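Remember, it's a predicted structure, so these values are computed and weren't measured experimentally. Per chain, numbering begins at 1; letters A, B, ... match sequence-line order.
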Number of protein chains: 2
Amino acid sequence: MDEHRDQPSRRQRRKDARPSEITAAALRLFHERGFAATKLDDVAAAAGVTKGTLYLYFPSKEALFKAVVQESVIPNIDRLAQAAASSTEPPLGKLALVLRLLAQGLNESDGCISKLMLAEAGNFPELAQFYVDEVVHRLHDVVRGILSEGIATQSFRNIDLVHTPRLIMAPLLLANMWRNTYGSFDRYPVDPAHYAELQIAMLQHGLLPSPQEPRHD
Amino acid sequence: MDEHRDQPSRRQRRKDARPSEITAAALRLFHERGFAATKLDDVAAAAGVTKGTLYLYFPSKEALFKAVVQESVIPNIDRLAQAAASSTEPPLGKLALVLRLLAQGLNESDGCISKLMLAEAGNFPELAQFYVDEVVHRLHDVVRGILSEGIATQSFRNIDLVHTPRLIMAPLLLANMWRNTYGSFDRYPVDPAHYAELQIAMLQHGLLPSPQEPRHD
DNA sequence: GTTTAATAACTGACCAGTCAGTCATTAAGT
DNA sequence: ACTTAATGACTGACTGGTCAGTTATTAAAC
């Protein structure tokens, strides 16, 4: 019986493809269960290899974790900062652009990292420091730049430049964690893109009815 | 030599005080390190007992975790709902009241739970379901009631009643998790009460300059 | 035939959970 | 009051299972 022939052959050698497959599997499981509760045997199985193979590419479980974070975190920030810088819209439009891009970035690849880092920061202080400096503060700085410009041109009122970036991005970030975590338990599905639109409207009008023109499109 | 006399005596019998001391210690450590990464020996030490004692009061580590969550979660919701119901303020004032109470509740006792549940929901589905139903949705319902009233009296524009509660509370919740997690790494201290005020102002005005009266107190 | 990616059996440290024993406290006996 | 028996809260050494990390072996690739 050669029933081992139907799958294209186990034990392939694919040195270049492995690392990203492994980190992808690890990200999913770390996010789902937490770092400590995730077994490397499970990560390996999810990546279609065995545990020994992990150690060909990553020297330890902790190193794998760091690789996961750094790999998933680098990309979208630059894209976002660049989009904001090159946009010629007025401040509010620029802000809307950033929020929509953020929602999109969270939606695809890895809005998982924010929750994962939050949960594990206590166990990995240096990594947490890196994350705060390289990701969060850079993101805040983008928004802060827009706000600052808006205040200068009197498009915005004179808001708190230190904390308002967090205030503005919090709903999107939390909505995303929410969806990734409680999605299956919740009555209403949560959609980051929808939250982006709600937040944009809120930034524009607040809760109050628009005094000049009650629009109805 | 009676040098054993200076500490009031180890090995006291305090059957009634133990459980809350244990859950308090457990909450701190679970929140700091995560459930799986927390050793019961450490919880016991932090509570001033030994591991064996834990098992006199809680049948398993998982049972301890559930006790921690349920104990920390029950109180503040009712207080908040009641305050909102008995307030005679206009909708925006009522909303401000709720946000301030929420910030206060997060600040003292246990704003830890929200992060802890977020991190462990995947490993404790029934508990997550309980938390979503009994805590989060009830909180949202309070806010939803206020919004609904505001729309009816035309104090508010016609906002999305399903999602806006989350949108409004997200900044406070996230700011709190932030402070509990990255507080020591962050440049600027995060204060929930301050975020409550920022958020109230944002709900009132949005980002835009107030068209009728540019106030400056 | 040589190289090396991949495997799987193995090891040892760690930790949740157990239990026989200890001692602070209570209360009965005098 | 003073002694002593009974109680049960508390301890800490122990165990069995689990899992990160290792290594001897296998087989794919060239």
Side-chain angles (χ1 to χ4, degrees), chain A residues 2-27 29-30 32-68 120 123-124 127, chain B residues 1-27 29-30 32-68 120 122-124 127:
Chain A
D2 45 341
E3 73 279 15
H4 60 287
R5 195 68 82 73
D6 42 11
Q7 66 250 56
S9 91
R10 272 183 344 120
R11 205 187 178 94
Q12 291 176 39
R13 297 164 50 134
R14 302 189 304 119
K15 185 182 170 67
D16 45 345
R18 295 299 188 202
S20 61
E21 290 173 4
I22 292 170
T23 50
L27 173 58
L29 291 176
F30 285 162
E32 215 167 282
R33 309 178 186 178
F35 175 78
T38 299
K39 303 172 214 175
L40 287 189
D41 280 311
D42 290 348
V43 173
V49 295
T50 57
K51 189 168 51 167
T53 303
L54 298 193
Y55 283 88
L56 295 175
Y57 299 103
F58 305 96
S60 69
K61 191 185 184 185
E62 185 168 332
L64 173 59
F65 180 66
K66 291 180 180 173
V68 164
E120 303 294 344
N123 300 320
F124 302 93
L127 194 59
Chain B
M1 282 65 131
D2 45 342
E3 74 280 17
H4 61 288
R5 193 69 83 74
D6 43 9
Q7 67 246 56
S9 91
R10 271 183 345 118
R11 205 185 177 96
Q12 292 176 39
R13 295 169 56 155
R14 302 190 301 119
K15 185 185 170 68
D16 45 344
R18 296 299 189 202
S20 62
E21 290 174 4
I22 292 170
T23 51
L27 174 58
L29 292 175
F30 285 161
E32 215 167 283
R33 309 179 185 176
F35 175 78
T38 299
K39 303 172 213 175
L40 286 189
D41 279 312
D42 290 349
V43 173
V49 294
T50 57
K51 191 165 50 165
T53 303
L54 299 193
Y55 283 89
L56 295 176
Y57 298 103
F58 305 97
S60 69
K61 191 184 185 185
E62 186 169 331
L64 173 59
F65 180 66
K66 291 180 180 172
V68 164
E120 303 294 344
N123 300 320
F124 301 93
L127 193 60

* Are A/Asp42 and A/Arg33 close enough that some pair of their side-chain heavy atoms sits under 4.5 Å apart? -> yes

* Please state how far atom CZ in A/Phe35 lies from atom C1' in D/dC19, giving the value in whole angstrom units. => 12 Å

* Structure fact -> With the side chain defined as heavy atoms from C-beta on, B/Thr50 is closest, among C/dA6, D/dG12, C/dG17, to D/dG12

* Would you say B/Lys66's side chain and B/Lys61's backbone share a donor-acceptor pair under 3.5 angstrom? -> no

* Output yes when B/Arg14 and B/Glu21 qualify as a salt bridge under the 4.0 Å nitrogen-oxygen rule, no when they do not. => yes

* Just how far is it from atom CG of B/Asn123 to atom CD of B/Glu62, taken to the nearest 0.5 Å? -> 9.5 Å

* To do: Give, ordered by number, those residues of residues 52-63 of chain A having at least one heavy-atom distance below 4.0 Å to an atom of DNA chain C; if nothing qualifies, reply none.
  => A/Gly52, A/Thr53, A/Leu56, A/Tyr57

* **Distance, rounded to the nearest Å, where A/Asp41 contributes CG and C/dA9 contributes P** => 12 Å

* Asked: Are any non-hydrogen side-chain atoms of A/Tyr55 and A/Leu40 less than 4.5 angstrom apart?
  -> yes

* State whether the side chain of B/Thr23 and the backbone N or O of B/Pro19 hold a donor-acceptor pair below 3.5 Å, judged by distance alone. => yes

* To do: Establish, with yes or no, whether the OP1 or OP2 oxygen of C/dA24 is under 4.0 angstrom from a side-chain nitrogen or oxygen of B/Arg14.
  => no

* Structure fact -> Exactly one candidate in B/Leu27, B/Val68, B/Leu29 meets side-chain contact (heavy atoms from CB on, under 4.5 Å) with B/Val43; the answer is B/Leu29

* To do: Send over the distance from B/Glu21 CD to D/dA9 C1', rounded to a whole Å.
  => 14 Å

* Would you check if the side chain of B/Thr38 reaches a backbone N or O of B/Gly34 as a donor-acceptor pair within less than 3.5 Å? => yes

Under 3.5 Å between N/O atoms: give me all the protein pairs with nucleotides 5-8 of chain D, atom names plus distance.
| unit_1 | atom_1 | unit_2 | atom_2 | d |
| --- | --- | --- | --- | --- |
| D/dG8 | N2 | B/Arg13 | NH1 | 3.4 |

* Asked: What integer distance in Å separates A/Leu64:CG from D/dA20:P?
  -> 11 Å

* To do: Take atom NZ of B/Lys39 and atom C1' of D/dT18, then tell me their distance rounded to the nearest Å.
  => 15 Å

* Length of the CG-P vector between A/Asn123 and D/dA20, whole Å -> 15 Å

* Parallel, tilted or perpendicular: which describes the rings of B/Phe30 and B/Phe35, with under 30° parallel and over 60° perpendicular? -> tilted

* Asked: How long is the line joining NZ of B/Lys51 and C1' of C/dC19, in whole Å?
  -> 13 Å

* Asked: Rounded to whole angstroms, how far apart are CD on A/Gln12 and C1' on C/dA6?
  -> 11 Å

